[in-house]
Amino acid sequence: MIDFTLPPELAELRDRARAFVENEVIPQEPFVDDHDGLPQDRLDALRARARSAGIYAPHVPKEWGGLGLNMREMSIVFEEAGRSLIGPLALNCAAPDEGNMHLLAVVGTAAQQEQYLRPLVEGRVRSSFSMTEPPRRRLRPLDAAHPRRAARRRLGHQRRQVVHQRGRRLRLHDLHGRHRRADRRARRRDDVPGRRRQPRLPHRPADPLLDAGFAGGHCEVEFRDCAVGQDAVLGAVGEGFKYAQVRLAPARLTHCMRWLGVAARALDIAATYANGRAGFGKPLGQHQMVQQMIADSAMELHASRLMIWHAAWVIDGGGQARQETSMAKTYVSEAVDRVVDRALQITGSHGVSNELPLASFYRNVRPFRIYDGPSEVHRMVIAQRILREAAAKPAAGIAPTTPEVAEVTTPIERPNVASTMVD
Ligand SMILES: Cc1cc2nc3c(=O)[nH]c(=O)nc-3n(C[C@H](O)[C@H](O)[C@H](O)COP(=O)(O)OP(=O)(O)OC[C@H]3O[C@@H](n4cnc5c(N)ncnc54)[C@H](O)[C@@H]3O)c2cc1C
């Protein structure tokens, strides 16, 4: 039977994380700078307090100083951390560091873990995961399962990419690409100094973006003649696609967990406002159209939470959960967007101003429908899996009662659907 009861120790951890975010993290929000995020000294102090509170690095294996939670447990704690945009940073479980730590813990050698994972866990450096590239001169397919199309043409010359962490403290690039020669590796790791052929990695702030303040903004990175030593190659050559799967499906889900927290807080703010503000002779919350917005948001948050928990359960059971995480990512990214949008509507000009954090939530939540695979690409992949399964079982769900029915339920040809990975 399905049991949704939280074990007492997990419920206690959730409460501790909630209290920490309320009492320690949210009071720091006014200090977040539009481009640089929370000043480093404040972030370091917050992380020290998160360690003392026993909630630091919830996803990191215990031997590396984390809490060693599984995905279901993470979904509880990450949601709490996500109630503030800087909560995941405080607990050191923000994207993309969290996903990169996971990959390093699973795939890295002992030496690589010491060199790259330890400073990440300790919060001394930040990392990026470099996979998508901007379009160049001519249109080309943007299928992350086949990065060689782009990498073959570009690596060795110039590779340019919008990445998503601030340049300051950015030390670790996880580059996903393929190279023509076997000795140029599918996945590269770069700790800039001391390489034979120095990669040039200029970090510069990107143009102002919708979500510039989140996690310290974004920067653009160019890879020119980027080559690294053997010790910086992560895992076996040619296995980059597999390793990306190790990272991407869980990381997609942890994004959902964090954004769920943001949206849940947005609903709390909207409900509080609707109770306290009167309009047309009664509290806003007594107007049925406001109630509809609140009810729709509550239902969508609930459905999002259940999708996350289910996908987490599949991963904890050893599954890849590619379909489940694609469905959760698509649904949750769109649901949290609507929830924050409704909260902004309910709170009117107060929501639009910086009096409330909703305007910032609104800016920051929107790109989630694009990164980690746009909704359209996930929908395509979800449907392709369904169609493949249906093609493997002709007439699934339909009894071929007549020759006409038999004809239309026999696949014309097997769909030629490539394995597709969304980033
Ligand atoms: C805030 C942010 C953080 C990011 N972080 C990272 C990161 O850490 N690492 C990394 O490698 N990349 C990252 N990205 C890049 C991100 O993954 C890409 O932006 C995303 O995959 C979309 O690619 P694109 O921007 O090149 O848009 P395009 O590929 O040009 O797509 C534009 C739009 O076209 C539509 N579209 C595309 N393909 C299809 C299709 N098959 N069917 C129907 N419609 C389609 C979608 O609506 C899509 O939004 C980040 C992006 C943002 C905005």
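Start at 1 and go down the list; that is how both ligands and their atoms are numbered. What's counted below: heavy atoms across the whole structure, side chains too, no hydrogens, waters or symmetry copies.
Stacking of R265 on the aromatic ring of F361 is not recorded, the 6.0 Å distance cut-off and the 45° axial limit not both being met. Both tests do not hold together for R258 against F78: distance to the six-membered ring centre under 6.0 Å, angle to the ring axis within 45°.
Contact annotation: for A95 versus ligand 1, there are no heavy atoms closer than 4.0 Å. Using a 4.0 Å cut-off between heavy atoms, I370 contacts ligand 1 through both its backbone and its side chain. The proximity of P374 to ligand 1, defined as any non-hydrogen pair under 4.0 Å, is limited to the side chain.
In this structure a side-chain-to-backbone donor-acceptor pair under 3.5 Å is present from Q113 to A105.
For P96, the heavy-atom gap to ligand 1 stays at 4.0 angstrom or more.
Atoms of ligand 1 lying under 4.0 Å from any heavy atom of D211, numbered from 1 in the order shown and given with element: 1 (C). For ligand 1 and M131, the ligand atoms under 4.0 Å from any heavy atom of the residue are 10 (C), 11 (O). Each of the following atoms of ligand 1 lies closer than 4.0 Å to a heavy atom of E376: 43 (C), 44 (N), 45 (C), 46 (C), 47 (O).
One finds a salt bridge joining R379 and E334 here, because a Lys/Arg side-chain nitrogen approaches an Asp/Glu carboxylate oxygen to under 4.0 Å.
For the residues F129, F368, Y371, the heavy atom positioned nearest atom 2 (C) of ligand 1 is part of Y371.
Looking at heavy atoms from C-beta onward, I294 lies in side-chain contact with V290 at the 4.5 angstrom threshold.
No side-chain donor-acceptor contact under 3.5 Å links R369 and S375.
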